[in-house]
Amino acid sequence: MDALESLIAEATDTLWTWAVLPVVAVLGLYFTFRSGVVQVRLFPRMVKGLTDRTPTDAAGRPQSLSAFQAFTVSAASRVGIGNIAGVGTAIAVGGPGAIAWMWLMALVGAATSFIEATLAQLYKHRDPSGFRGGPAYYVERGLRARWLGIVLAVVLIAAAPFAVTMLQSFTIAEAVTGSFTGGAPGWVAPAVALTVAALTAGVIFGGAHRIALVTETLVPLMALLYLGLGLVIVVLHVDAIGPMLSAIFEDAVSGEAVAGGALGTVILTGVQRGMFSNEAGFGTAPNAAASAATTHPVKQGLVQSLGVYFDTFLVCSITAFIILVTRPDLETAEPGIALTHDAVVGSLGSWAGALLSVIVFLLAFSTILGLYFYGESNIEYITGRPAALAGYRIAVIALVAIGGLVSASLVWSLADLLLGVLALLNLIALAPLSRHVFALLRDFTAQERAGRDPVYTRDRVPGIPGVEVWEDERSVTGLPPQDEATRT
């Protein structure tokens with residue numbers, strides 16, 4: 001097992017260092033400048049998009065998930081253990097400077113997220129329960145390459161709802177067992193894993209709308225709890241804020257990583273953990289973006305960019321602040337969630353460790369639901385047979401149960417490797433398709449400048465092949481067509 005783990009870790013480092021990282025940087029910067037720094041320029045529109053009206057069908061029912069529900073589904077998968085254990089690992093391995101590179105990755109990655117989410121909306125598929133879409137769909141329809149779409153779907157299923165889901169389950173079990181003074185009995189971890197599996201089954205067998213209802217409740221709750229906990233700890237160590245910020249920015253360019261002692265370690269750790277957390281470019285969040293009923297693809301692209309900021313600048317940052325204001329000895333600190341746990345308990349006492357366990361459960365459980373949602377969309381892309389979907393659901397529940405008992409380091413390495421492959425395939429597909437997004441952005445901006453609520457239909461931007469929905473204004477908005485001069 002140790003040899004396998006070492007082999008996977010080596011392959012992961014090679015893939016990220018020589019393939020994923022250069023492609024992420026080059027394309028992220030290209031998308032940023034080609035779009036006119038859309039992730040900054042249209043920030044107010046990102047926030048406004050959360051409350052956009054949900055288009056309805058002829059009977060007055062929502063066509064699919066609302067913009068906010070799609071946001072919470074994607075936030076559920078983004079905001080997970082990567083925000084606690086992943087940030088802890090980044091600091092333990094790359095030092096405080098890794099956080100600065102994580103922030104930079106979020107700023108650049110928000111443009112990439114905008115591109116992939118807008119494409120997911122453009123090429124989404126309508127089925128009886130609402131809309132479906134994602135990388136597999138836009139690769140098939142935009143690049144005319146179904147074989148590549150199937151490869152992307154298979155890798156996504158293996159990476160997200162399988163490998164990463166096991167990691168979420170392990171972290172929940174670890175958080176619960178770690179809250180026992182003197183060590184937890186041997187039966188606790190299996191019991192926790194089985195309980196999480198049962199809860200997962202209760203939600204996912206209710207379909208996409210039940211997942212959305214649960215995530216739109218859990219995501220705000222867990223965010224408020226965690227941010228509140230973090231702010232209390234930061235206030236208690238207010239004198240350490242200045243030195244902490246100095247350490248973050250100085251170490252980011254000094255190359256004084258805890259392990260490795262090189263600038264490359266700092267950068268690679270920050271970018272890798274940042275991508276793992278906010279998922280920009282992975283091709284996972286677009287599966288949620290496509291499910292939203294909206295009047296213009298750009299609207300949901302902007303909402304999903306906001307999700308990157310929410311994940312990294314709020315949730316990841318508060319973890320980093322919790323750890324760094326307590327001034328841990330990073331040379332001897334245990335990477336992962338233990339670093340955050342020790343900082344919380346050391347600042348507030350043992351009761352805060354129990355609260356952190358509850359927050360970890362909410363984070364990880366909501367991530368399991370979000371990742372399941374992504375996998376379901378890709379199972380239905382590969383085959384529409386009900387037996388395949390039933391088998392997928394059973395497999396996810398089984399992996400949740402098993403995940404509480406496996407080696408975390410092996411699953412981390414496997415998840416990083418699979419997500420690296422997924423990101424590379426997705427980013428390569430985004431490069432030629434991004435021109436359609438820039439055309440849509442011009443259309444969106446022109447309508448807003450004219451004082452209209454932007455509505456996209458296929459005839460507005462000619463020359464985009466393979467678009468299935470967006471037939472006419474009534475089908476898009478659920479309202480009778482209006483004259484261009486009067487629509488506001």
### Task
Applying side-chain contact (heavy atoms from CB on, under 4.5 Å), run through Val238 and Ile241 and close with a yes or a no.
CA-CA 6 Å; Val238 66; Ile241 295 177; 3.9 Å; yes
List the atom pairs, donor and acceptor, that lie under 3.5 Å between side-chain atoms in residues 156-170 and the rest of the protein, sequence neighbours left out.
| unit_1 | atom_1 | unit_2 | atom_2 | d |
| --- | --- | --- | --- | --- |
| Thr165 | OG1 | Pro161 | O | 2.9 |
| Ser169 | OG | Val400 | O | 2.4 |
| Ser169 | OG | Gly404 | N | 3.3 |

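- Among residues two or more places apart in sequence or in another chain, the salt bridge (Lys or Arg N to Asp or Glu O under 4.0 Å) test is passed with Glu380 by Arg132.
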### Leu236 vs Leu348, side-chain contact (heavy atoms from CB on, under 4.5 Å): CA-CA, chis, key distance, verdict
CA-CA 9 Å; Leu236 290 175; Leu348 301 177; 3.4 Å; yes
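- Closest approach of Ala285 to Gln304, counting heavy atoms only: CB-OE1, 4.2 Å.
- Atom CD1 of Ile323 and atom CG of Asp342 lie 9.5 Å apart (nearest 0.5 Å).
- A side-chain donor-acceptor contact under 3.5 Å links Gln121 to the backbone of Ala289.
- Not a single donor-acceptor pair under 3.5 Å links the side chain of Ser347 to the backbone N or O of Val344.
- The structure places OH of Tyr392 at 7.0 Å from CD of Glu376, a figure rounded to the nearest 0.5 Å.
- A distance-only check finds a donor-acceptor pair linking the side chain of Ser291 to the backbone of Ala288 [under 3.5 Å].
- Using modelled atom types, one finds a donor on one side chain and an acceptor on the other under 3.5 Å when comparing Thr284 with Glu279.
- Lys124 places a side-chain N or O within 3.5 Å of a backbone atom of Ala292 that can act as its donor or acceptor partner.
- Judged by distance alone, the side chain of Thr217 and the main-chain N or O of Leu213 form a donor-acceptor pair under 3.5 Å.
- Looking at every heavy atom in both residues, Leu356 comes nearest to His341 through CD2-CA, 3.6 Å.
- Side-chain atoms of Asn287 and Pro135, non-hydrogen and from C-beta on, do get closer than 4.5 Å to each other.
- Here the shortest heavy-atom pairing between Phe131 and Ala290 reads CB-O, 3.3 Å.
- Aromatic ring centroids of Phe114 and Phe31 lie 6.0 Å or more apart.
- In this structure, Phe361 and Phe365 have parallel ring planes: the angle between them is below the 30° cut-off, well short of the 60° mark.
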All N/O donor-acceptor pairs, side-chain side in residues 184-206, below 3.5 Å, sequence neighbours left out:
| unit_1 | atom_1 | unit_2 | atom_2 | d |
| --- | --- | --- | --- | --- |
| Thr195 | OG1 | Ala191 | O | 2.8 |
| Thr200 | OG1 | Val196 | O | 2.8 |

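- Sorted by first and then second residue, the side-chain hydrogen bond (donor to acceptor under 3.5 Å, both in side chains) pairs involving residues 16-35 (not counting sequence neighbours) are Thr32-Gln39.
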### Task
Go through the steps to decide whether Thr112 and Leu27 satisfy the test side-chain contact (heavy atoms from CB on, under 4.5 Å), and finish with yes or no.
CA-CA 8 Å; Thr112 305; Leu27 284 181; 5.6 Å; no
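- For the side-chain hydrogen bond (donor to acceptor under 3.5 Å, both in side chains) condition, the pairs that include at least one residue of residues 420-430, sequence neighbours left out, are Glu116-Asn426, Tyr138-Asn426.
- Contact annotation: the side chain of Val87 approaches that of Met102 to within less than 4.5 Å [non-hydrogen atoms, C-beta and beyond].
- The ring pair (Phe, Tyr, Trp, His ring centres under 6.0 Å) search around Tyr226 returns none, not counting sequence neighbours.
- The CZ atom of Phe71 sits 12.5 Å away from atom CD of Glu216, with the distance rounded to the nearest 0.5 Å.
- For the side chain to side chain contact (heavy atoms under 4.5 Å, CB included) with Leu427, the lone residue among Ile115, Leu422, Val24 that qualifies is Val24.
- Taking every heavy atom of both residues into account, Ala364 and Ile172 meet most closely at CB-CG1, 3.4 Å.
- Side-chain contact between Ile248 and Met244 is present, with at least one heavy-atom pair separated by less than 4.5 Å.
- Atoms CG and OG, from Leu441 and Ser434 in turn, are 11.5 Å apart once rounded to the nearest 0.5 Å.
- Arg41 contributes a side-chain N or O that, together with a main-chain N or O of Gly36, makes up a donor-acceptor pair within less than 3.5 Å.
- Ile318 is not listed as a side-chain neighbour of Leu314, based on a closest heavy-atom distance of 4.5 Å or more.
- To the nearest 0.5 Å, atoms CD1 (Ile322) and CG (Leu229) are separated by 5.0 Å.
- Note that CG of Leu417 and CD of Glu10 are 11.5 Å apart. Values are rounded to the nearest 0.5 Å.
- The two atoms that bring Asp251 and Pro96 nearest to each other are OD2-CD, 3.3 Å, heavy atoms only.
- Classification of the Trp103-Phe249 ring pair by plane angle, with boundaries at 30° and 60°, yields tilted.
- Within the 4.5 Å cutoff, the side chain of Thr312 has no heavy atoms near those of the Leu107 side chain.
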### Task
Under the side-chain contact (heavy atoms from CB on, under 4.5 Å) rule, what do Val139 and Leu425 come out as? Steps first, then yes or no, please.
CA-CA 10 Å; Val139 162; Leu425 292 174; over 6 Å; no
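- Ala280 approaches Ser113 most closely through the heavy-atom pair CB-CB, 4.3 Å.
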